[in-house]
There are 2 protein chains.
Amino acid sequence: MARSQRTITHSQLTEAQERFIRTWGQMGPSWGISRTMAEVHAMLYIVGQPLNTDEVMERLSISRGNASMSLRALVEWGLVTRVHKRGDRKEYFEADRDAWSMARTIIRERLRREILPLLTTLYEIRDETGERVAEAPTSGAPATPEAIAEHNRRLDALVELIQTIDKLGERFVGTEGKGGGGLKLAATVLSKVV
Amino acid sequence: MARSQRTITHSQLTEAQERFIRTWGQMGPSWGISRTMAEVHAMLYIVGQPLNTDEVMERLSISRGNASMSLRALVEWGLVTRVHKRGDRKEYFEADRDAWSMARTIIRERLRREILPLLTTLYEIRDETGERVAEAPTSGAPATPEAIAEHNRRLDALVELIQTIDKLGERFVGTEGKGGGGLKLAATVLSKVV
DNA sequence: CTGTATTTTCAGGAATCATTGAAAATCATC
DNA sequence: GATGATTTTCAATGATTCCTGAAAATACAG
């Protein structure tokens, strides 16, 4: 049941936007991006319309250089796109408006930038200490091989974990379509099965 | 088909451990913990046996203070436990040996430390601009309310997303048992359904 | 309780990361 | 291609985080 309608003033809206921007910005560092970059993203998302560099600079009180770098990084992440306005030489930036596709983008990029390189290196490290342990344990294992086997077992377990995360992520990312796609569907499926 | 058995020397094993420690350590910063803390964890995991502070200090070439703080933080995360040895006054530290339970711990803690506070704040911000939009759009909406509604719609979408992530996470964490529990099962289920 | 071993704390220094601001580069228009 | 608008780059500075080392606190044995 809906509560009674309140009148929200313009400054209250701005206030709420500010608070959202700060909150989102704080998450940045724990997600591997800088606070400012997260703030710029938050702002473009919450205002919901394209802004140019000067507007970003002014609203967040940051330098031109910082604004330029942050915006470029967001574009590279695929979270923000450049748009042009007729009769205006300035570049405008617009955030992806669909929260779910945003999530997919973040997952996709983090897989690409962090998980895949990690997996590659883990494979290399794994190769330094011989082949995978066979299903049946090697009979008559000598002295050192015991330590090797344990080491390999731990590495294999971690590799399997990271592979699973990678596969899960790709599934989430893979299913296209508005309204959540794979991620939302996965949540629904899991809530019933697990 | 298995490749031929290779002989792995002791120093090769140490080499592989070192490389693993460095690799895991590099991930730290993008996961919101310090490089050293990740390295300490990696080392305890890969050597697979309890080590004391001095051994950690020496092997990673870090100070006593640093070792102490990193170990304490890992214990607080629940990734490492203190163990005591008979006839030895030193404290030893041992990493969780099960990679899957390790993953559950990390997810549980990140939900608690990051997602829940974020959700709380988002709810507060959401409350600043009135009730949820009803299923049927409000008829005859006045001037400012349009902007408010858009703002709220964007916030709501984000809240729904974060809630879903939270629920998913709790499901992964919730199912106990060795061998992966919810996380592994989820991966299996999804690979068939999505 | 005393002495010793061990752990914790934390101020200061070191290292890393983020930001500025202005110069250089790019771009669009005439 | 000259001009002015706009964007990008990057060396220098500032801010933040991390680490050290030694002093204080704690734990334990005799």
Side-chain angles (χ1 to χ4, degrees), chain A residues 21-22 24-44 50-77 79-95 113-114, chain B residues 21-44 50-77 80-95 113-114:
Chain A
I21 293 167
R22 277 199 307 272
W24 203 245
Q26 282 182 327
M27 300 298 298
S30 26
W31 280 75
I33 65 173
S34 82
R35 204 197 74 249
T36 299
M37 187 173 148
E39 283 189 353
V40 171
H41 178 235
M43 173 165 140
L44 291 175
L51 299 180
N52 63 40
T53 308
D54 292 85
E55 290 165 334
V56 172
M57 287 170 59
E58 195 191 341
R59 176 104 185 233
L60 297 181
S61 306
I62 60 176
S63 71
R64 183 170 302 281
N66 198 359
S68 176
M69 307 250 278
S70 298
L71 286 167
R72 178 233 277 256
L74 286 168
V75 169
E76 278 168 3
W77 267 76
L79 292 166
V80 162
T81 51
R82 297 171 196 270
V83 300
H84 294 275
K85 289 194 175 179
R86 290 238 158 279
D88 191 340
R89 268 168 69 173
K90 287 199 179 70
E91 267 185 322
Y92 285 73
F93 297 86
E94 182 175 34
R113 294 164 190 235
E114 296 165 28
Chain B
I21 292 168
R22 278 200 307 272
T23 302
W24 202 246
Q26 282 182 328
M27 299 299 297
S30 25
W31 281 75
I33 65 172
S34 81
R35 202 197 74 250
T36 300
M37 187 173 148
E39 283 189 351
V40 172
H41 178 235
M43 173 165 139
L44 290 176
L51 298 180
N52 63 40
T53 308
D54 293 86
E55 290 165 336
V56 172
M57 287 170 60
E58 195 191 343
R59 176 103 186 236
L60 297 180
S61 307
I62 61 177
S63 71
R64 184 170 299 283
N66 196 0
S68 176
M69 307 251 279
S70 297
L71 286 167
R72 180 233 277 258
L74 286 168
V75 169
E76 278 167 3
W77 268 78
V80 162
T81 51
R82 297 171 197 271
V83 300
H84 294 277
K85 290 194 176 179
R86 290 239 157 278
D88 191 339
R89 270 167 68 173
K90 285 200 179 69
E91 267 184 322
Y92 285 73
F93 297 86
E94 182 175 35
R113 294 163 190 235
E114 296 165 29

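A note on names: the letters A, B, ... follow the listed sequences, proteins ahead of strands, and every chain is numbered from 1.
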What is the distance, rounded to the nearest whole Å, between atom [atom1] of [X] and atom [atom2] of [N]?
X	N	atom1	atom2	value
A:Tyr92	D:dT7	OH	P	9 Å
A:Leu71	D:dT8	CG	P	9 Å
B:His84	D:dA29	NE2	P	12 Å
A:Lys85	C:dA28	NZ	P	18 Å
A:Met57	C:dT20	CE	C1'	10 Å
A:Glu55	D:dT6	CD	C1'	14 Å
B:Glu91	C:dT7	CD	P	5 Å
A:Asp88	C:dA28	CG	P	13 Å

Are the side chain of B:Ser30 and the backbone of B:Met27 linked by a donor-acceptor contact shorter than 3.5 Å? yes
Give a yes or no answer on whether the side chain of A:Glu55 reaches the backbone of A:Asn52 with a donor-acceptor pair at less than 3.5 Å. yes
Run the salt-bridge test on A:Glu39 and A:Arg35 with the 4.0 Å N-O cut-off and return the result as yes or no.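 Here A:Glu39 pairs with A:Arg35 in a salt bridge, since their nearest N and O are under 4.0 Å apart.
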Can you see which heavy atom on B:Ala38 is nearest to which on B:Trp24, and at what distance? O-CD1, 3.5 Å
On a heavy-atom basis, which atom in A:Leu44 and which in A:Phe93 lie closest, and how many Å separate them? CD2-O, 3.5 Å
Which of D:dT7, C:dT7, D:dC28 is nearest the side chain of B:Lys90? It is C:dT7
Is there side-chain contact between A:Val40 and A:Asn66, with heavy atoms separated by less than 4.5 Å? no
So which protein nitrogen or oxygen atoms get under 3.5 Å of nucleotides 18-20 of chain D's nitrogens or oxygens?
| residue | atom | partner | partner atom | Å |
| --- | --- | --- | --- | --- |
| D:dC19 | OP1 | B:Thr36 | OG1 | 2.3 |
| D:dC19 | O5' | B:Asn66 | ND2 | 3.4 |
| D:dT20 | OP2 | B:Ser63 | N | 2.8 |
| D:dT20 | OP2 | B:Ser63 | OG | 3.0 |
| D:dT20 | OP2 | B:Asn66 | ND2 | 3.1 |

